[in-house]
Amino acid sequence: RHTKAEPLPTYDEVLVCTPDTTEEAVELIVRRALSSDSQNQKIYCLLGADKLVYKVSKQLESHFFRLLQSSTVPDYRFIIFCNAKAHNSYVITAFDTYKVTIPCCSKTEIQAYLSTHLKVPCGVAPVAQAFEEPYQQNVKFIFSNQAGMGR
């Protein structure tokens, strides 16, 4: 369902995958998506799942189908995003029967949606104001080699 009023996902709904993504991280998001608490309208997402290493991809498949069988949630919301050109990805093969093509919005529509949802209300987020940009956004990616070190 596409509406301009829908909020962006929260931090606990999205896992950005890399070759270093762990089995535990993948299992955690699958558990969140298929647990009885997931009926709170959240949409859980794996971004770049084609980047997962083979072992983690196999665990994703295993956890998903095992938890799906024991889940009492009929309307779970779990989306796996993969690069369509990553033909050698185990994830793409394992979940091929669930594959859907999503009609894409125009670049202008996407930019308008993001500009609506990424604005910082005046005086609300002093951390966002540390990034001096022409348009105040409240989403920034900061990468660190050491978790929790704030670098």
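Values below: every heavy atom of this structure, side chains too, minus hydrogens, waters and symmetry copies.
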Participant: Tell me the salt bridge (Lys or Arg N to Asp or Glu O under 4.0 Å) pairs involving residues 47-69, sequence neighbours left out?
Facilitator: E23-K55
Participant: How long is the gap from OG on S35 to OH on Y76, to the nearest 0.5 Å?
Facilitator: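 If I round to the nearest 0.5 Å, the distance is 13.5 Å.
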Participant: Transitive ILVMFWY cluster of Y54 at side-chain heavy atoms under 4.5 Å: who else is in it?
Facilitator: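 Traced through the cluster, Y54 reaches Y90.
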Participant: Of the non-hydrogen atoms in C17 and G48, which two are nearest, and what is the gap between them?
Facilitator: CB-O, 3.3 Å
Participant: Which one of T21, L60, V14 satisfies the side chain to side chain contact (heavy atoms under 4.5 Å, CB included) criterion with L46?
Facilitator: L60
Participant: Return the set of residues passing side chain to side chain donor-acceptor pair (under 3.5 Å) with T10 (not counting sequence neighbours), or none when no residue passes.
Facilitator: D12, E13
Participant: Under the criterion side chain to side chain contact (heavy atoms under 4.5 Å, CB included), which of V30, I29, L28, L47 is the partner of L15?
Facilitator: I29
Participant: Do I79 and I43 come within less than 4.5 Å of each other through their side chains, counting heavy atoms only?
Facilitator: yes
Participant: Do V53 and I92 belong together in a cluster built from hydrophobic side chains that touch within less than 4.5 Å?
Facilitator: no
Participant: F65 and L52: same hydrophobic cluster, using ILVMFWY side-chain contacts below 4.5 Å?
Facilitator: yes
Participant: side-chain contact (heavy atoms from CB on, under 4.5 Å) between R31 and L67: does it pass, once the steps are laid out?
Facilitator: CA-CA 7 Å; R31 284 187 182 280; L67 291 169; 3.7 Å; yes
Participant: Applying a strict under-4.5 Å side-chain criterion to I, L, V, M, F, W and Y, I'd like to know whether L68 and F95 cluster together.
Facilitator: yes
Participant: Under a 4.5 Å cut-off applied to non-hydrogen side-chain atoms, are L34 and Y44 in contact?
Facilitator: no
